Amino acid sequence: MPQPCLYDRVGGLVFFEQLAARFYAGVVTDAVLRPMYPADDALAPAVRRLALFLVQYWGGPTTYLEERGHPRLRARHAPYVIGTRERERWLHHMRAAIDASAAGPAERQELHAYMTLAADAMINTETASDPSQGAGL
Ligand code: HEM
């Protein structure tokens, strides 16, 4: 018997709703990321978009596709300048959200590995994102 998909193993929709909510609770405290994201009163839809994307990716219902179309995540992130600094901050909050979840060790490891690769893939600028850290540039 093949094992159930990760979506089912972690408990389905509620797990990803809580993960996305926890992630965004970190984002709103982050000086680097906060300005990139929607204002407070528009955050709930953003939480939903992230949760539904992850649900779909991990084998759950394809509501994201129905509501938003094909993910095309690289293209959707093109308006934002994402360098190593943004990647680090994003991963920091996502890792904390995963670690605070009730996922078992195997699922946790899968989630961490995927998020790391996905965050690497979202980098879209070669420039040092903090010029003050550059070599006098
Ligand atoms: C690496 C650093 C990243 C930064 C700085 C970043 C930033 C953002 C920002 C500012 C938004 C707009 C918020 C909204 O209105 O929905 C967004 C949307 C989104 N991000 Fe990221 N993101 C990053 C990585 C990722 C990764 C790795 C994933 C997937 C695992 C992801 C998945 C999404 C999704 C699904 C949306 C909503 C897309 C839509 O349907 O419009 N992001 N991101």
Side-chain angles (χ1 to χ4, degrees):
M1 282 270 284
Q3 71 169 339
C5 62
L6 185 135
Y7 173 80
D8 287 327
R9 281 185 275 141
V10 293
L13 178 62
V14 172
F15 174 88
F16 290 99
E17 285 174 341
Q18 289 174 349
L19 187 73
R22 244 183 259 115
F23 167 78
Y24 265 96
V27 164
V28 297
T29 68
D30 192 297
V32 171
L33 296 183
R34 185 67 192 92
M36 303 173 75
Y37 282 87
D40 283 350
D41 59 358
L43 270 185
V47 175
R48 176 177 166 81
R49 286 190 281 273
L50 179 60
L52 290 181
F53 168 78
L54 294 171
V55 159
Q56 175 172 303
Y57 178 84
W58 291 105
T62 55
T63 317
Y64 181 89
L65 185 69
E66 285 151 31
E67 291 188 3
R68 305 288 295 162
H70 188 276
R72 300 184 303 106
L73 281 193
R74 280 272 303 174
R76 284 194 209 267
H77 286 76
Y80 313 108
V81 177
I82 304 180
T84 51
R85 185 176 66 151
E86 289 74 16
R87 171 202 176 273
E88 286 312 314
R89 298 315 300 156
W90 192 98
L91 268 180
H92 169 79
H93 296 296
M94 185 53 82
R95 285 175 178 149
I98 293 168
D99 288 342
S101 79
E107 288 73 25
R108 206 173 278 220
Q109 204 182 349
E110 275 185 72
L111 288 163
H112 277 301
Y114 164 74
M115 296 299 181
T116 304
L117 287 178
D120 285 347
M122 230 51 78
I123 291 179
N124 58 18
T125 177
E126 296 279 319
T127 54
S129 34
D130 181 358
S132 67
Q133 301 294 307
L137 297 173

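The residues of the chain are indexed from 1 along the displayed sequence. On a predicted model such as this, the values are computed, not experimentally measured, just so you know.
- Of all heavy-atom pairs between Ile82 and Met36, the closest is CG1-CE, 4.3 Å.
- For Gly59 against Tyr7, the heavy-atom pair with the smallest separation is C-CB, 4.0 Å.
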Set out, in order, the CA-CA distance, both residues' side-chain angles and the distance that settles side chain to side chain contact (heavy atoms under 4.5 Å, CB included) for Thr63 and Arg68, then state yes or no. CA-CA 8 Å; Thr63 317; Arg68 305 288 295 162; over 6 Å; no
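- When every heavy atom of Tyr64 is checked against every heavy atom of Pro71, the shortest pair comes out as CE2-CA, 3.7 Å.
- At distances below 3.5 Å, not a single donor-acceptor pair connects side-chain atoms of Arg87 with backbone N or O atoms of Ala119.
- Between Ala46 and Pro38, the shortest heavy-atom contact is CB-CG, 4.3 Å.
- Under a 3.5 Å cut-off, the side chain of Arg49 and the backbone N or O of Ala44 do not form any donor-acceptor pair.
- Taken to the nearest 0.5 Å, the CZ atom of Arg95 stands 4.0 Å off from the OG1 atom of Thr116.
- In this structure, the separation between CG on Leu33 and CD on Glu86 is 7.0 Å, given to the nearest 0.5 Å.
- Expressed to the nearest 0.5 Å, how far CZ of Phe16 lies from CZ of Phe23 amounts to 14.5 Å.
- Under the side-chain hydrogen bond (donor to acceptor under 3.5 Å, both in side chains) criterion, no residue pair touches residues 14-28, with sequence neighbours excluded.
- The shortest non-hydrogen separation linking Ser101 to Ile98 is OG-O, 2.7 Å.
- For Asp99, there are no salt bridge (Lys or Arg N to Asp or Glu O under 4.0 Å) partners two or more places apart in sequence or in a different chain.
- For Glu67, the CD atom sits in a packed shell: over 12 heavy atoms of surrounding residues, nucleotides or ligands are nearer than 6.0 Å.
- Using modelled atom types, one side-chain atom of Asn124 and one backbone atom of His77 make a donor-acceptor pair closer than 3.5 Å.
- If you take NE2 on His93 and CG on Asp30, they are separated by 3.5 Å, rounding to the nearest 0.5 Å.
- Taking all atoms of both residues into account, the shortest heavy-atom contact from Val28 to Arg34 is CA-CD, 3.3 Å.
- Note that CD of Glu110 and CH2 of Trp58 are 5.0 Å apart. Values are rounded to the nearest 0.5 Å.
- The main-chain N or O of Ala20 is never found under 3.5 Å from a side-chain atom of Arg48 such that the two would form a donor-acceptor pair.
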Please output the side-chain donor-acceptor pairs of residues 50-57 that fall under 3.5 Å, not counting sequence neighbours, one pair per line with the distance.
| residue | atom | partner | partner atom | Å |
| --- | --- | --- | --- | --- |
| Gln56 | OE1 | Leu65 | N | 2.9 |

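- With values rounded to the nearest 0.5 angstrom, Tyr114 atom OH is found 11.5 Å from Leu6 atom CG.
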